[in-house]
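Single-structure report; data block below.
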Amino acid sequence: MTNLAVEVAGIKLKNPVLTASGCYGFGQEYNRLYDISRLGGIMTKGTTLEPRLGNPTPRLAETPAGILNSIGLQNPGIDRVIEEEIPWLRQFDVAIIANISGYSFDEFEEMATRLDGVPGVDALEINISCPNVKGGGMAFGTDPNTAALVVKRVRAKTKLPLIVKLSPNVTDITEIARAVESEGADAVSLINTILGMAIDIKNRRPVLANVLGGLSGPAVKPVAVRMVYQVSKAVKVPIIGMGGITSFEDAIEFMLAGASAVAIGAGNFVNPFTPLEVITGLEEWLDKEGIKDIRELVGALKA
Amino acid sequence: MTNLAVEVAGIKLKNPVLTASGCYGFGQEYNRLYDISRLGGIMTKGTTLEPRLGNPTPRLAETPAGILNSIGLQNPGIDRVIEEEIPWLRQFDVAIIANISGYSFDEFEEMATRLDGVPGVDALEINISCPNVKGGGMAFGTDPNTAALVVKRVRAKTKLPLIVKLSPNVTDITEIARAVESEGADAVSLINTILGMAIDIKNRRPVLANVLGGLSGPAVKPVAVRMVYQVSKAVKVPIIGMGGITSFEDAIEFMLAGASAVAIGAGNFVNPFTPLEVITGLEEWLDKEGIKDIRELVGALKA
Amino acid sequence: MVFSIKAIILENQKILPDFYRMVLAVPSIAREAEPGQFVMLKTSNTLDPLLKRPISIHRINKAEGTIALVYQVIGRGTNLLSQITQGELEVMGPLGNGFYWKKDYKKVAIVGGGCGIAPLPALAEELVKDGKEVYVLLGAQTREKLLCVADFQQLGCKVQVTTDDGSYGTKGFVTEILQEFILNTKIDQVYCCGPLPMTKGVIKLTKENLIPCQVSLEERMACGIGACLGCACKVRNEDGTITYKKVCHDGPVFTSSEVIIDD
Amino acid sequence: MVFSIKAIILENQKILPDFYRMVLAVPSIAREAEPGQFVMLKTSNTLDPLLKRPISIHRINKAEGTIALVYQVIGRGTNLLSQITQGELEVMGPLGNGFYWKKDYKKVAIVGGGCGIAPLPALAEELVKDGKEVYVLLGAQTREKLLCVADFQQLGCKVQVTTDDGSYGTKGFVTEILQEFILNTKIDQVYCCGPLPMTKGVIKLTKENLIPCQVSLEERMACGIGACLGCACKVRNEDGTITYKKVCHDGPVFTSSEVIIDD
Ligand SMILES: Cc1cc2nc3c(=O)[nH]c(=O)nc-3n(C[C@H](O)[C@H](O)[C@H](O)COP(=O)(O)OP(=O)(O)OC[C@H]3O[C@@H](n4cnc5c(N)ncnc54)[C@H](O)[C@@H]3O)c2cc1C
Ligand SMILES: Cc1cc2nc3c(=O)[nH]c(=O)nc-3n(C[C@H](O)[C@H](O)[C@H](O)COP(=O)(O)OP(=O)(O)OC[C@H]3O[C@@H](n4cnc5c(N)ncnc54)[C@H](O)[C@@H]3O)c2cc1C
Ligand SMILES: Cc1cc2nc3c(=O)[nH]c(=O)nc-3n(C[C@H](O)[C@H](O)[C@H](O)COP(=O)(O)O)c2cc1C
Ligand SMILES: Cc1cc2nc3c(=O)[nH]c(=O)nc-3n(C[C@H](O)[C@H](O)[C@H](O)COP(=O)(O)O)c2cc1C
Ligand code: FES
Ligand code: FES
């Protein structure tokens with residue numbers, strides 16, 4: 001029997017396949033298609049302190065092998081997430097990683113405080129990289145000092161493991177990764193979406209009402225793999241890799257590059273069973289290759 | 001009759017469709033398929049002061065709707081380009097934009113000096129953004145001060161119009177664009193390739209011998225359009241837009257976003273006639289839309 | 001239940017210059033499908049186009065385990081779809097909330113325009129089965145873009161048609177005949193699916209005349225089942241607050257009183 | 001002349017478990033094609049896979065304006081290719097430099113391995129026409145992966161086969177029979193196309209025995225015509241300097257003395 005279990009930031013995952021924040025709600029929808037306890041874990045939709053309506057529509061644009069989104073963190077606010085979503089999700093045997101987005105250091109701090117000790121929450125994912133909200137969001141993730149400070153302040157408020165979600169929209173992602181590691185991040189997750197734009201030539205307007213959006217999906221995979229590789233050389237904390245995964249082969253690419261676990265975002269839209277197919281695919285492949293423990297793959301790139 | 005002619009950096013182009021550096025050699029190959037004087041212009045393969053062998057193979061990896069390359073500036077050196085390639089290319093009625101890459105400020109300066117006054121050369125494209133060469137290349141393009149200094153030094157050595165090719169691998173591309181504008185860049189071209197990586201899971205090695213490579217092709221189009229849009233808001237000099245163009249519709253996206261001309265790179269590989277199809281497509285579309293002058297499109301985005 | 005499975009293509013043929021009719025053998029989805037629901041279709045076996053396309057269910061045949069779709073070729077996805085002549089197709093569905101009706105409705109009107117007509121025959125069929133008198137008002141730009149007239153006629157509905165150019169039925173907009181019609185006939189419910197200007201017109205008219213109305217909306221979709229929040233539609237809640245609902249999950253059918261359609 | 005045009009697929013069928021034979025009606029390319037040249041094929045009408053695939057020309061029929069290809073399904077592109085059963089296909093070619101021969105060659109040997117055998121029948125045909133005595137030595141893993149034996153036999157070549165597992169011909173490697181063979185027969189030129197280890201073996205043997213040898217190489221390609229410098233191959237120039245040549249333009253056929261094959 002091949003071992004698929006991994007440990008990231010002190011959380012035990014029965015397999016290294018998570019679903020990425022914002023692409024999987026709080027699990028209810030995909031649970032209509034299959035039992036979500038088969039996943040390693042769920043990174044919940046980005047939550048803010050107050051409820052948010054999100055951006056006007058259109059919020060989606062398809063691009064070659066990719067998708068632009070400008071959801072703008074539509075969510076019911078941290079309190080309803082704690083009261084309604086997390087308790088529902090707890091019934092499943094699946095790690096719950098709560099993704100939070102703040103507009104100020106105080107907001108990050110406050111959310112971390114409220115989530116600390118909430119039963120079922122296994123870790124926080126601190127989103128310092130959302131490109132879709134004005135005045136905040138990505139700004140935290142593009143400057144190493146600011147990024148470090150968010151982590152420092154959150155660290156002081158919770159005993160939960162902290163996973164910091166990094167932005168790819170930077171000159172040197174390893175600088176940010178080192179900064180958040182030094183302030184106590186237990187893991188980093190990457191990549192968030194790459195800032196992009198699409199134009200409807202018929203009406204001469206941006207396709208997205210918000211003008212700019214975040215690019216994800218297979219198109220970004222080479223950039224994501226590169227960044228995981230670079231970050232894995234720069235920090236010691238484990239990495240959750242994501243960006244364009246639609247197959248188990250993609251997942252292996254990320255793991256060889258240095259990721260201890262992977263998350264699937266847009267891949268859910270291409271095929272709702274993607275996470276399950278990745279898990280089964282990994283299992284069969286490891287078996288065929290005679291690899292006893294999936295952890296052997298992590299960072300095993302010969303380069 | 002619809003006007004397709006544009007002017008960029010003082011060069012008159014009979015149409016706004018160029019071929020991107022490194023994807024079109026010095027024109028000889030594609031001239032076996034069609035008359036290259038139908039193009040607006042040719043941006044020649046990146047040239048260095050000394051001849052260069054380039055990187056070991058494999059130098060190419062296909063990715064979803066994209067291509068990674070790590071050619072590493074294989075080229076015969078500036079002198080042979082001046083003696084052999086430019087004179088051949090001159091026989092065609094097509095703008096010649098000589099792309100140069102230096103490993104030091106001195107090298108950039110020296111190449112500019114040698115190219116100044118070479119008959120046929122209409123402009124220089126200063127590549128401060130090649131991700132495929134160690135110790136130089138992209139380093140010039142990711143720091144505004146260094147970028148500005150390259151332009152300043154080159155500016156002093158030549159009367160040729162200077163087009164500065166910007167790297168997308170930066171936190172804020174407008175900062176670099178403004179820096180090179182302030183030192184006398186006559187135009188900017190963007191984007192160069194995005195740093196990426198692909199892994200061959202069977203042998204656990206990077207697909208590219210060079211490990212990292214530059215991503216281009218349709219996959220990067222949303223990022224390129226976004227950057228053209230941002231840069232067009234930040235500087236007054238004209239923009240040559242590129243990144244993933246495979247159709248006339250793509251070209252219009254770039255022009256609406258703010259590009260005065262466009263260049264086709266990987267699109268040549270998908271279909272060698274792409275540049276011609278873009279030109280004809282533009283012509284027919286403008287006609288159908290009753291637009292008399294293509295320059296009306298430049299920056300005409302309603303946003 | 002939602003299914004994501006391979007359906008067998010039984011038919012995929014051009015019915016009008018820009019329109020195709022596709023029949024899929026997919027018993028699980030057919031069994032659960034209701035009028036007004038939709039499916040998401042993969043249009044290529046490559047990663048481009050990446051996303052599935054939402055297409056409404058046009059007819060449901062539970063006995064034979066088939067569903068029919070009618071779609072317009074407008075972009076890359078639908079173009080690729082029209083080229084697949086046989087074999088299998090990945091389909092996810094049935095999705096969303098369909099139309100509803102009550103036992104006591106006597107006369108209902110179905111208003112459809114353009115490719116928004118496509119889902120309405122499935123609705124008409126159920127309404128007829130349930131003993132309603134079904135009036136159908138259709139609008140199209142021109143005769144060559146007019147869908148489903150025969151479907152409605154075969155079901156025994158009373159069909160009126162307008163075309164913008166007068167090439168079929170009355171020349172004009174369907175909202176014009178709706179206006180006349182609701183003055184003369186007591187209608188319990190209006191069902192509407194069509195282009196946004198038409199939908200707005202229908203909402204306005206039904207509101208003025210105090211007729212309950214259900215509208216089917218479109219929005220760009222990624223997941224199709226409510227997870228990505230891409231397909232937001234502004235709604236006015238009962239307490240007066242404004243929030244977003246999901247077209248894919250809470251819709252595509254909404255009551256006209258709740259939706260807020262911006263310009 | 002290089003053409004980039006739509007060819008009509010006349011045939012695309014499985015000839016062995018992993019191999020397909022495709023015949024294309026494309027007179028312009030057939031007219032110009034020479035043995036050893038290749039074409040680039042678009043495998044999908046979407047942007048993924050993005051790049052064309054290089055496939056050697058297996059047979060040339062100038063009279064009928066057709067070319068035949070034989071390809072192995074190994075990844076996404078060739079897999080998609082194998083699913084196209086009819087219609088048109090975008091093809092660019094003929095590309096590269098093919099094999100050459102001189103009037104005065106009397107006996108020549110063709111050594112092929114695996115899917116590297118595919119381009120060799122076109123060569124054999126020309127050599128036979130030109131009056132050479134053509135010896136063909138083929139290697140494959142197993143009988144089920146052995147290509148083109150009948151082609152060579154029909155052309156009147158003398159064919160010897162090795163398989164790694166002995167399921168056809170002699171058990172062993174083709175280089176082993178080549179070694180024996182060149183000891184006993186005076187050969188004017190060896191032509192070689194196959195996996196890298198085989199090619200290396202053949203280069204070594206021919207060098208030791210002072211027999212001129214041409215080898216056909218593979219490298220990942222983007223443009224296919226010499227513009228992108230992606231398909232570099234290290235060569236030793238006559239002046240001893242080392243540079244890169246382009247497999248797509250200067251090759252795929254090189255003289256064995258010039259190429260440097262790294263490990
Ligand atoms: C619930 C629902 C039901 C629908 N039912 C039908 C139907 O029965 N028949 C029919 O002809 N059309 C229907 N449509 C519209 C249909 O989905 C679009 O015409 C189709 O997605 C266009 O895809 P494309 O690739 O050809 O066009 P492109 O313009 O190339 O598509 C680009 C992207 O925009 C999206 N998009 C484009 N137009 C629309 C649109 N009108 N609505 C939503 N997304 C869009 C595409 O899905 C894709 O993601 C329906 C839409 C929705 C939301
Ligand atoms: C000049 C030349 C002639 C060839 N002739 C034949 C032939 O006649 N019959 C045959 O079966 N195969 C031939 N090949 C190999 C064939 O090109 C590859 O098997 C094919 O490109 C694989 O594509 P894929 O999408 O199935 O595989 P993938 O592995 O998915 O392809 C990924 C990328 O790598 C490239 N690639 C993968 N393998 C090779 C390879 N061996 N050589 C070059 N590029 C590769 C692909 O073109 C693509 O860009 C030839 C290669 C070259 C360079
Ligand atoms: C529709 C959508 C919504 C997203 N929302 C969030 C979010 O709320 N918080 C967050 O950290 N990342 C969010 N992301 C980013 C994803 O979690 C992921 O980092 C990114 O999409 C790359 O992975 P992928 O290519 O597999 O989609 C969102 C992505 C998409 C496509
Ligand atoms: C094979 C290859 C070689 C390239 N070589 C150069 C180069 O020498 N100099 C340069 O400035 N850009 C070079 N580029 C970048 C292109 O000019 C262009 O900026 C980039 O590919 C984006 O455009 P595209 O998506 O249309 O390819 C190269 C790109 C490719 C794919
Ligand atoms: S399409 Fe994802 S929520 Fe509706
Ligand atoms: S493939 Fe472009 S030079 Fe050979």
Side-chain angles (χ1 to χ4, degrees), chain A residues 19-20 22-34 42 44-46 51-76 202 207-209 213 216-219 221 244 246-247 250 265-274 276, chain C residues 1-6 28 32 40-54 74-77 90-96 196 217-235 237 241-250 259-263:
Chain A
T19 51
C23 302
Y24 206 78
F26 294 88
Q28 305 224 11
E29 293 78 15
Y30 286 101
N31 197 49
R32 293 170 67 199
L33 280 152
Y34 59 84
I42 293 177
T44 59
K45 170 67 191 165
R52 278 181 60 89
L53 275 178
N55 290 325
T57 57
R59 294 177 173 182
L60 296 170
E62 195 186 47
T63 67
I67 167 179
L68 282 169
N69 89 81
S70 60
I71 309 298
L73 286 175
Q74 176 179 342
N75 83 94
K202 283 194 210 94
V207 177
L208 300 175
S216 67
K221 194 184 69 174
T246 62
S247 68
D250 294 341
N268 292 292
F269 313 151
V270 180
N271 170 4
F273 297 117
T274 300
L276 302 190
Chain C
M1 275 295 278
V2 177
F3 302 90
S4 178
I5 38 170
K6 288 204 154 69
S28 50
E32 307 252 335
M40 298 279 286
L41 301 176
K42 190 105 184 76
T43 62
S44 156
N45 53 355
T46 75
L47 294 171
D48 171 62
L50 189 68
L51 300 175
K52 294 181 169 155
R53 297 313 193 236
I74 59 156
R76 288 191 59 231
E90 264 184 59
V91 188
M92 181 162 91
L95 298 165
L196 223 48
L217 299 181
E218 288 187 1
E219 190 48 76
R220 285 172 181 253
M221 296 183 174
C223 72
I225 63 164
C228 75
L229 306 179
C231 63
C233 161
K234 235 183 231 173
V235 294
N237 296 313
T241 56
I242 288 172
T243 52
Y244 281 116
K245 284 198 171 179
K246 307 170 200 170
V247 172
C248 71
H249 183 259
D250 307 310
V259 296
I260 303 174
I261 301 177
D262 296 326
D263 291 293

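No hydrogens, no waters, no symmetry mates; every other heavy atom, side chains included, goes into these values. None of these values were measured; they are calculated from a predicted model.
- Neither the backbone nor the side chain of A/Y34 has a heavy atom closer than 4.5 Å to any heavy atom of chain C.
- Taking the ring centre of C/Y244 as origin, the terminal cationic atom of A/R52 falls outside the region bounded by 6.0 Å and 45° from the ring axis.
- Listed options C/M1, C/R53, C/H249 were ranked by heavy-atom pairs under 4.5 angstrom with chain A; first place goes to C/R53.
- Neither the backbone nor the side chain of C/M40 has a heavy atom closer than 4.5 Å to any heavy atom of chain A.
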### Task
Before giving the answer on salt bridge (Lys or Arg N to Asp or Glu O under 4.0 Å), spell out for A/E29 and C/K246 the whole-Å C-alpha distance, their side-chain angles and the decisive distance to 0.1 Å.
CA-CA 12 Å; A/E29 293 78 15; C/K246 307 170 200 170; 3.4 Å; yes

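- With respect to chain C, the highest number of heavy-atom pairs below 4.5 Å among A/G265, A/P218, A/G54 belongs to A/P218.
- Here A/G66 is the residue among A/P51, A/G217, A/G66, A/A219 with the most heavy-atom pairs under 4.5 Å with chain C.
- Within the 4.5 Å cutoff, no side-chain heavy atoms of C/V247 are placed close to those of C/E218.
- Minimum heavy-atom separation, A/L33 to C/F3: CD2-C, 3.9 Å.
- Note on C/C233, C/C228, C/A227: by heavy-atom pairs under 4.5 Å with chain A, the leading option is C/A227.
- Looking at A/T274, its side chain does come within 3.5 Å of a backbone N or O of A/G267 through a donor-acceptor pair.
- Of the residues considered (C/D48, C/L51, C/T46), C/L51 shows the highest number of contacts with chain A, using heavy-atom pairs under 4.5 Å.
- Counted by atom type alone, A/T246 and A/N271 present zero donor-acceptor pairs between their side chains at under 3.5 Å.
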